[in-house]
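Data block below; observations after.
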There are 2 protein chains.
Amino acid sequence: MAKETKISMAVIRRLPKYHRYLGELLRKDIDRISSKELSERIGFTASQIRQDLNCFGDFGQQGYGYNVKDLYDQIGKILGLDKNYKTIIVGAGNIGQAVANYAKFESLGFHLQAIFDKNPKLIGIKIRDIEVKDVDCLDTYLKENPIDIGIICVPKEHAQMVADIMIKNGIKGIWNFAPTDLNAPDDVIVENVHLSESLMILSYRLNESELFKE
Amino acid sequence: MAKETKISMAVIRRLPKYHRYLGELLRKDIDRISSKELSERIGFTASQIRQDLNCFGDFGQQGYGYNVKDLYDQIGKILGLDKNYKTIIVGAGNIGQAVANYAKFESLGFHLQAIFDKNPKLIGIKIRDIEVKDVDCLDTYLKENPIDIGIICVPKEHAQMVADIMIKNGIKGIWNFAPTDLNAPDDVIVENVHLSESLMILSYRLNESELFKE
DNA sequence: TAGATTGTTAATCGATTAACAATC
DNA sequence: TAGATTGTTAATCGATTAACAATC
């Protein structure tokens, strides 16, 4: 199925959007779609859609288009959504709790195993039936329980330290909400969610367009 | 200061990172930096850094480099961080509360004026001394209180409806946390934070690298 | 002045769009 | 079969990198 050439990040970033739109079509009981129709809904050019999908295989059929269910499943597979991942959250503050309670999370195959914090007020409380553990136990916990993905929701000052413990214990991916860049070896994937960067871009665009006058 | 040509999105997306790294240098009392040194820290090429900065003006000095404080301030200004924005949050669930409590928020000039929800259990509670109002009052509230930025933290089913009320009442920017694309006229800036897309990209990269074996 | 480093132009690389033959 | 639409190649467009003259 997969072709040999390396897929560009530009393509990868569009995959979740394809997945989301195809999911919507599926719920609307639409069972086939052409690149042209999809283009009109999703806002990419039809040419780009065909080009993107062809990175991964021949999913379409000339004269017909794409089967929605098939394509949805294929893209889900490409994204690794057919797998299950054991995850932990470190940092049970606002963002940590929001992520823990984020419903879609489980349905995508990410299974929350444990939550850690260093605040005594948070240690022991339950979030989604999971008791918050002392972060001092993180290292020991990881040694006993292999975890795939670590989610970092601690302040930036402690983020690298937490990452180091995760990396040392064989974590494969880090979802980082701390507003800092983490050092990690090439075989550990780091994906950042930098909220303040997103907010700054909103602010920039607001001013650029001269819509905003104080 | 500003040049005439339209700045590409690729450049804009890098601005917050420049701002962050320059802020760190500033805190370390480093007062000058060359594109080469910055390149080593930030991970962009020196050439790209000079190219990027030159979109906005001549901030550097041949033979010297860039003044950290000056450049930090200039980029802050370009990003519109010297302004103040009146904001509201609609949706006081986990993400809404996390955003409301997000400390950096205020320091960047985003001032939270009100929070809305439709859940009777949430209406009336206080978050950061702000009482959660009934979302039914949103339209009236906006008519009486001009707001610059609306933050949408409601489920995707209600996101467009909330956006429409905001747009009708002259909101200029929307920071959208709902996992859906919003329809908005060109003069309303929409910036999305799609957490599940970020998670899917992590998942993709994990599988691509073949690091993940179930 | 000599050395350093920018600003900027030109060269390269990569991503998007257009076009169309292949084929269902 | 005729019409539709893909897969794919070629053309265009844009972004990044390299090079170097300008200049502090």
Side-chain angles (χ1 to χ4, degrees), chain A residues 1-18 21-22 25 30-72 74-75 78 201 204 208, chain B residues 1-18 21-22 25 30-72 74-75 78 201 204 208:
Chain A
M1 180 200 89
K3 294 189 176 176
E4 281 308 306
T5 38
K6 172 124 178 49
I7 311 298
S8 80
M9 208 49 210
V11 175
I12 297 162
R13 269 198 294 260
R14 282 190 292 268
L15 291 178
K17 201 167 170 182
Y18 289 124
Y21 273 81
L22 289 162
L25 292 172
I30 296 168
D31 58 311
R32 61 176 268 201
I33 188 127
S34 68
S35 58
K36 185 161 171 287
E37 283 175 292
L38 190 54
S39 159
E40 281 152 15
R41 292 169 186 263
I42 209 169
F44 307 149
T45 64
S47 196
Q48 180 164 66
I49 292 170
R50 294 201 300 280
Q51 196 80 279
D52 282 355
L53 298 179
N54 262 81
C55 295
F56 302 99
D58 297 3
F59 299 143
Q61 194 172 68
Q62 278 103 329
Y64 173 88
Y66 300 87
N67 178 291
V68 174
K69 176 84 173 77
D70 272 8
L71 191 54
Y72 176 79
Q74 295 275 15
I75 292 178
I78 291 164
I201 291 165
Y204 173 87
E208 176 197 42
Chain B
M1 183 200 89
K3 291 190 177 177
E4 280 309 307
T5 39
K6 174 127 176 47
I7 310 299
S8 81
M9 208 49 210
V11 175
I12 296 162
R13 268 198 295 260
R14 284 190 291 269
L15 292 179
K17 204 167 170 183
Y18 289 125
Y21 273 80
L22 289 163
L25 293 172
I30 295 167
D31 58 310
R32 60 178 267 198
I33 189 131
S34 68
S35 58
K36 185 161 170 287
E37 284 175 294
L38 190 55
S39 159
E40 280 152 17
R41 292 169 186 263
I42 210 168
F44 307 149
T45 64
S47 196
Q48 181 165 68
I49 292 171
R50 293 202 300 279
Q51 197 79 277
D52 282 355
L53 298 179
N54 262 84
C55 296
F56 302 99
D58 298 3
F59 298 145
Q61 194 172 67
Q62 279 103 329
Y64 173 89
Y66 300 88
N67 178 291
V68 173
K69 177 81 173 77
D70 271 8
L71 191 55
Y72 176 80
Q74 294 276 14
I75 293 178
I78 292 163
I201 291 167
Y204 172 87
E208 174 198 41

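In the text below, chain A, chain B and the rest are named by the order of the sequence lines, each starting its count at 1. The figures that follow rest on heavy atoms only: side chains count, while hydrogens, waters and symmetry mates do not.
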query: Looking at CG of A:Leu38 and CG of A:Leu71, how far apart are the two atoms once the value is rounded to the nearest 0.5 Å?
result: 8.0 Å
- prompt: What integer distance in Å separates B:Asn54:CG from C:dT6:C1'?
  reply: 8 Å
field: Whole angstrom value for the distance that separates P of D:dT5 from CD of A:Glu40
entry: 11 Å
- request: Would you kindly give the CD1-to-P distance between B:Ile7 and D:dA15, to the nearest whole Å?
  value: 11 Å
- prompt: How about A:Asn67 and A:Gln61: do any of their side-chain heavy atoms sit closer than 4.5 Å?
  reply: no
message: Before you tell me yes or no, could you show the steps for B:Ile78 and A:Tyr204 under side-chain contact (heavy atoms from CB on, under 4.5 Å), namely the whole-Å CA-CA distance, both residues' side-chain angles and the distance that decides it to 0.1 Å?
response: CA-CA 7 Å; B:Ile78 292 163; A:Tyr204 173 87; 3.6 Å; yes
- prompt: So, is A:Tyr66 near the phosphate of D:dG7, with a side-chain N or O under 4.0 Å from OP1 or OP2?
  reply: yes
query: Between B:Gln48 (CD) and C:dT6 (P), how many Å, whole number?
result: 15 Å
query: Between C:dA4 and B:Arg32, is there an OP1 or OP2 to side-chain N/O distance shorter than 4.0 Å?
result: no
statement: Those stems involving DNA chain D that have three or more consecutive Watson-Crick or G-U pairs, both distances under 3.5 Å, are C:3-24 with D:3-24
query: Do B:Met9 and A:Ile201 come close enough that some side-chain heavy atom pair is under 4.5 Å?
result: yes
message: On the side chain of B:Glu37, is there an atom forming a donor-acceptor pair with the base of C:dT5 - under 3.5 Å, no angle test?
response: no
- request: May I ask you to verify if any side-chain N or O of A:Ser35 is less than 4.0 angstrom from the OP1 or OP2 atom of D:dT6?
  value: yes
- request: Rounded off to whole Å, could you give me the CD1-to-P distance for the B:Ile49 and D:dA15 pair?
  value: 18 Å
message: Restricting to non-hydrogen atoms, name the atom on A:Ile75 and the atom on A:Leu15 that form the minimum distance, rounded to 0.1 Å.
response: CG2-O, 3.9 Å
- prompt: In whole angstrom, what separates B:Leu53's CG from D:dT17's C1'?
  reply: 16 Å
message: Using the rule given for side-chain contact (heavy atoms from CB on, under 4.5 Å), can you reason through A:Phe56 versus A:Ile7, listing the C-alpha separation, both sets of side-chain angles and the distance that settles it, and then say yes or no?
response: CA-CA 9 Å; A:Phe56 302 99; A:Ile7 311 298; 3.8 Å; yes
field: Worked check of side-chain contact (heavy atoms from CB on, under 4.5 Å) between B:Tyr66 and B:Ser34
entry: CA-CA 6 Å; B:Tyr66 300 88; B:Ser34 68; 6.0 Å; no
query: Among C:dT16, D:dT8, D:dT16, which nucleotide sits nearest the side chain of B:Ala10?
result: D:dT16
field: ring pair (Phe, Tyr, Trp, His ring centres under 6.0 Å) partners of B:Phe44, counting only residues at least two apart
entry: B:Tyr18
task: Take the protein atom NZ of B:Lys36 and the nucleotide atom P of C:dG3, then report the distance between them rounded to whole Å.
output: 17 Å
- prompt: Whole-Å distance between D:dG7 C1' and A:Asp52 CG?
  reply: 13 Å
- prompt: Is A:Arg32 close enough and on-axis enough to A:Tyr64, meaning under 6.0 Å and within 45°, for cation-pi?
  reply: yes
message: With rounding to the nearest 0.5 angstrom, report the CG to CG distance, B:Asp31 to B:Leu25.
response: 10.0 Å
task: Using salt bridge (Lys or Arg N to Asp or Glu O under 4.0 Å) as the criterion, list what pairs up with B:Arg14, not counting sequence neighbours.
output: B:Asp52
Listing time: all N or O pairs from protein to nucleotides 11-14 of chain C that are below 3.5 Å?
none

message: Generate the contact string for nucleotides 19-24 of chain C. Rules: B means base contact, S means sugar-phosphate contact only, - means no protein heavy atom under 4.0 Å.
response: BB-BBB
Contact list for residues 37-51 of chain A, test salt bridge (charged side-chain N to carboxylate O under 4.0 Å, His left out), sequence neighbours left out: A:Lys36-A:Glu40
- prompt: Between the side-chain atoms of A:Gln51 and the base atoms of D:dT6, is any donor-acceptor pair under 3.5 Å?
  reply: no
